[in-house]
There are 2 protein chains.
Amino acid sequence: MAAAGAETKEVENHHDDCCVQLLNPNLATMKEDVLYHFSLSTSTHDFPAMFGDVKHGMGIPSIAIMLHELIKLLYHARCSNVTIIRIGTSGGIGLEPGSVVITQQAVDACFKPEFEQIVLGKRIIRSTHLDDQLAQELTRCSKELDEFPTVVGNTMCTLDFYEGQGRLDGAVCTYTEKDKQEYLRAAYAAGIRNIEMESSVFAALCSACGLRAAVVCVTLLNRLDGDQINSPHEVLKEYQQRPQILVGYFIKKCLRKA
Amino acid sequence: MAAAGAETKEVENHHDDCCVQLLNPNLATMKEDVLYHFSLSTSTHDFPAMFGDVKHGMGIPSIAIMLHELIKLLYHARCSNVTIIRIGTSGGIGLEPGSVVITQQAVDACFKPEFEQIVLGKRIIRSTHLDDQLAQELTRCSKELDEFPTVVGNTMCTLDFYEGQGRLDGAVCTYTEKDKQEYLRAAYAAGIRNIEMESSVFAALCSACGLRAAVVCVTLLNRLDGDQINSPHEVLKEYQQRPQILVGYFIKKCLRKA
């Protein structure tokens, strides 16, 4: 099982986590380190050249690149029964900030459960189906944990954080507060409980490749109340850990069963 | 003048540039540092909390977020006569790898000079016009420099690196080598000389806000010959510096005139 998380916005200070540190002094003295399950070795592969530039960003293009390459890696490594869970942050609609949303359907900015893409100049549409049973299992876990409010709802995936999500505070805004409220309330009526920027292509690519997938995001604010994320740093940091806590609980439960 | 570069792919090893280092020992002893032109001070603003998470990614959503906020920063700082130049890497079409492309028109995956966006559930189209005179000035600079091949051409901006650019090596591919070649040759016939993932929204947002803008990208490979970037690390590193060298030359020339 691989749990892959793409954070949409990192609220932590990065000064203290510039490079990945391992808590194992033996590695420094080893001439070769074989990552057996990936069929990779430090003596036969140049890891810094291969992976040193790994630093993915926000939005559909960034997660699509990561997924194409992660899925190929899983294929080359002959992994089986893989489950992929996207964890991250989002804007909520009609929810108390800090609520966690387990995605039922990933929908586009027109509320359709579709991912549209241009391939060789032609528009193609892919389904954004996610695994219902997995969402149910995660919901059960959230009830067992009982640490923070968790709901199952639709997740809207947009290409833009400002105009694309109806924010009034971008460099460009051509609509009114009333237009924005109408759009967000229509989204709520369509079952949408949060907005982020990766779920639709995540669902589409995982579904196309037969991977069991789920999306678990915490909401940092209630978009019906405003656009800016101005909760204190420590509060946001705690919110951000909630999807990790839920998915961590789920993974441990699976391992106990196995 | 602000020269903003969003690298689409960083080929450098990041172990040695984790944090930004300043070559000025005085700063460590200063109780307060006022960034006068930004109206920011280390004593009144918490810089790590405000900017410590700055780490933008690849593609339209990432650069759009950066641009909305950069343009608002320029506005709050009351900057005038701003020129913004995107530098980065790209895939070339019919060009020797290492060639630099100064963008004439940023076009979408259907070869149209448009940026399509969903705002409040409605499709809107924005022009991707770039400053012709600025492109001409950059072309003159490249001739004066005479260090690497530089062309003026159209730049195709896609939402995806694999299927969206007609690559055959993604996790998903539903077309043939022949289909791909036809698409890339049609792109060439439409004046497209390189493909990247940021130029259309960059041009659209700068144009909407009245900012003089240009796009200068180096090509890392000729897509008519293949899909994978497998030039040696050192070669890619040198290629990547070319847009910086050209834009650096242009900036110095402007400063001499001022």
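Numbers restart at 1 for each chain; the letters A, B, ... are given by sequence-line order, proteins then strands.
For A/Asp169, the parts lying near chain B are the backbone and the side chain together; criterion is any non-hydrogen pair under 4.5 Å. When heavy atoms are compared at a cutoff of 4.5 Å, B/Thr158 does not approach chain A at all. Only the side chain of A/Asp160 has a heavy atom closer than 4.5 Å to any heavy atom of chain B. With a 4.5 angstrom heavy-atom cutoff, B/Arg126 touches chain A only via side-chain atoms.
Interface with chain A: from residues 107-121 of chain B, residues B/Ala109, B/Cys110, B/Glu116, B/Gln117, B/Ile118, B/Val119, B/Leu120, B/Gly121 qualify, criterion being any non-hydrogen pair under 4.5 Å. Residues of residues 182-194 of chain A lying within less than 4.5 angstrom of chain B, judged on heavy atoms, are A/Tyr183 in numerical order.
Of all the heavy atoms in A/Ala208 and B/Val172, the pair that sits closest is CB-CG2, 4.4 Å. In terms of heavy atoms, A/Cys209 sits closest to B/Ala171 at SG-O, 4.2 Å.
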Could you walk me through whether A/Ile65 and B/Met197 pass the side chain to side chain contact (heavy atoms under 4.5 Å, CB included) check?
CA-CA 11 Å; A/Ile65 290 171; B/Met197 301 176 69; 4.1 Å; yes
Check the pair A/Leu159, B/Leu159 against side chain to side chain contact (heavy atoms under 4.5 Å, CB included), reporting the backbone distance first and the verdict last.
CA-CA 9 Å; A/Leu159 271 164; B/Leu159 272 165; 3.4 Å; yes
Taking it one step at a time, do B/Glu69 and A/Tyr162 satisfy side chain to side chain contact (heavy atoms under 4.5 Å, CB included)?
CA-CA 10 Å; B/Glu69 301 187 4; A/Tyr162 288 96; 2.3 Å; yes
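Other residues, nucleotides and ligands place no more than 12 heavy atoms under 6.0 Å from the OH atom of A/Tyr75.
Residues A/Ser62 and B/Pro61 have side chains not in contact (no heavy-atom distance under 4.5 Å, counting atoms from C-beta outward).
The backbone N or O of A/Gly170 lies less than 3.5 Å from no partner atom in the side chain of B/His68, so there is not a single donor-acceptor pair.
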